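Because the structure is predicted, anything quoted here is derived from the model rather than measured. Numbering of ligands and ligand atoms starts at 1, following listing order.
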Amino acid sequence: MNKKVAFYTLGCKLNFSETSSIGRQFQQAGYDTVAFHDKADVYVINTCSVTDNADKKCRKVVKEALKYSPNAYVTVVGCYAQLKPKEIAEIPGVDMVLGAAEKFNIIEHIDALTKSDKAVIHHSPIDETKQFVPSFSVGDRTRTFLKVQDGCDYSCTFCTIPLARGASRSGTIADIVQQATDIAASGVKEIVLTGVNIGDFGIRNGSREDRFFHLVQALDEIEGIERIRISSIEPNLLSDEIIEFVAQSKRFVPHFHIPLQSGSDKILKLMRRRYKRELYKERVEKIKALMPHCCIGVDVIVGFPGETREDFLDTYNFINSLDISYLHVFTYSERENTIAAQMEGAVPGAHRSDRSKMLHILSDKKRRAFYESQLGSNADVLFESDVKQGYMHGFTKNYVKVRTAYDPLLVNEIQQVTLLEISSEGEVEVAEIASTTALVH
Ligand code: SF4
């Protein structure tokens, strides 16, 4: 009987795409993949360093795995494993820890599967991690996360990602186009381009060989992909040519997620971000001028060291003034080995959480206003396979979330709907042009 492997992924879309790729290596080596709560012979936990309490979460997942399968071999990989291999090796039940470069050779490292009292560590310094390993996720065939870039050469003072993932590096356009073509041939309708800093796409072996815009142009030519979504792009790298191209593309959807982090130039400087807020405003205005229906998501951090109440209100008012659609709010927390953690002016926890609450309310308001602006329009919805209380969900190209009564025939299908109204729960009711009724939320 084949050995069984199960996975647990913490963190971002990049981690999900890499877990999928590691999973395919196990399948090629003759393993069967089972659900985490099934009895597996091997558990692979892909960790994140950005998550709060990474250590606590990792311990919890290890404990959970051993509850299902007490003799299983437990391997921990990912950003946190690169940053804190020794600490992870101390967690009871962990058998092996693999660093950023080693995680893609996991099959070579896993051979004996014998548990011992001491965990084995395979780990090299991050500046030796130069290889780009292509990855993409496979889920329910609706949407695939395709990794096009890894690492980051920026030095934002709050961020541990460059320490955990190393320098910026990418695949070749030819390889990525081939992967996207294969993904499309497998019936997947939407590809989400992922990376750490995807606007910086094109660096190989330390030198620039391509640009993200050229990748966008090449991917747009691929027959068979219905939708391509750019997951997140730094404002200073979101050029006019990219915005103009997306505006006339049939495949790239009108949805941008652009990290702002702060609306105060003083704080942006302390964060060592590579733009001022005026540039951000210009980007939003350019997008909206060409694509008034475009969805724009914004990342923002509250409680960065030195952020006074006035600085926060600056951020709040700035975001409020922008025609954006939703926020992802992060409450700043000190990360070891970052410059920000040494800065003066730590913001008390209560203020951090008050500011977070204010921005969450602003996000709801912005989302509602965006949904309202879309009411009455017709939109294509790609329905997904999840079922919740008899409903299934889907997204329009511009990221309006729709729900409708579950119909298995709609899974992974694109249907045209009319967006009708927003329900009291913040959902928008829509009529499906094909006949049935749906809700958006
Ligand atoms: S751009 Fe800044 S925040 Fe984003 S990964 Fe790079 S260093 Fe971190």
Side-chain angles (χ1 to χ4, degrees), residues 10-18 46-52 54 78-84 100 126-127 129-130 132-133 135 145 147-170 192-203 206 208 211-212 230-239 242 256-277 279-280 283 296-307 315 327-343 359:
L10 294 156
C12 64
K13 290 163 183 165
L14 202 54
N15 265 11
F16 279 89
S17 71
E18 291 180 344
N46 195 356
T47 59
C48 169
S49 63
V50 175
T51 331
D52 272 333
C79 293
Y80 192 56
Q82 175 66 33
L83 289 181
K84 298 272 177 182
I126 196 61
D127 50 11
T129 306
K130 298 207 161 70
F132 176 79
V133 181
S135 301
F145 298 109
K147 173 178 153 189
V148 300
Q149 184 273 343
D150 199 351
C152 185
D153 292 342
Y154 285 17
S155 44
C156 303
T157 52
F158 53 82
C159 185
T160 53
I161 293 175
L163 301 172
R165 285 191 167 269
S168 182
R169 55 203 187 272
S170 318
V192 183
L193 305 182
T194 57
V196 173
N197 187 350
I198 64 173
D200 193 38
F201 172 88
I203 297 178
R208 173 155 310 281
R211 289 196 298 126
F212 184 59
I230 299 171
S231 60
S232 174
I233 182 162
E234 290 290 300
N236 49 307
L237 297 174
L238 180 55
S239 60
I242 296 173
F256 289 103
H257 192 94
I258 320 169
L260 168 68
Q261 310 307 19
S262 174
S264 145
D265 282 341
K266 175 191 122 185
I267 299 296
L268 286 174
K269 195 165 176 210
L270 287 172
M271 289 176 166
R272 293 205 191 144
R273 302 287 291 162
R274 299 196 179 189
Y275 52 87
K276 290 189 174 163
R277 71 186 210 165
L279 177 128
Y280 195 95
R283 298 297 77 200
I296 302 179
V298 182
D299 284 341
V300 56
I301 298 173
V302 291
F304 188 81
E307 184 188 71
T315 295
L327 305 174
H328 281 174
V329 183
F330 299 88
T331 303
Y332 174 77
S333 70
E334 286 74 7
R335 302 266 179 247
E336 238 178 85
N337 297 323
T338 58
I339 294 171
Q342 313 300 323
M343 286 180 178
L359 284 186

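- Judged purely by atom type and a 3.5 angstrom limit, D299 has no side-chain atom pairing as donor or acceptor with the backbone of Q261.
- Shortest contact from atom 6 (Fe) of ligand 1 to any protein heavy atom: C152 SG, 2.3 Å.
- In terms of protein heavy atoms, atom 4 (Fe) of ligand 1 is closest to E234 OE2, 4.2 Å.
- For atom 8 (Fe) of ligand 1, the set of nearby N, O or S atoms under 2.8 Å includes none belonging to C156.
- Residue contacts with ligand 1 include R273, since one or more of its heavy atoms lies under 4.0 Å from the ligand.
- A donor-acceptor pair is defined here as one N or O able to donate and one able to accept, closer than 3.5 Å; such a pair exists between the side chain of S231 and the backbone of L193.
- In the vicinity of F158, heavy-atom distances shorter than 4.0 Å reach the ligand 1 atoms 3 (S).
- With respect to atom 5 (S) of ligand 1, the closest heavy atom belonging to the protein is V196 CG1, 3.4 Å.
- Listed for the S170 side chain is a donor-acceptor partner under 3.5 Å among the backbone atoms of G202.
- Because the distance cut-off is set at 2.8 Å, C159 fails to qualify as a neighbour of atom 6 (Fe) of ligand 1, as none of its N, O or S atoms comes that close.
- A donor-acceptor distance shorter than 3.5 angstrom exists from the side chain of N15 to the backbone of T47, with no hydrogens or angles considered.
- Taking the six-membered ring where tryptophan is involved, the planes of Y332 and F304 are perpendicular, since the angle between them exceeds 60° and thus also 30°.
- Only the side chain of P162 comes within 4.0 Å of ligand 1, judged by heavy-atom distances.
- The only option from R211, R169, Q149, R208 that meets the side chain to side chain donor-acceptor pair (under 3.5 Å) definition with D200 turns out to be R208.
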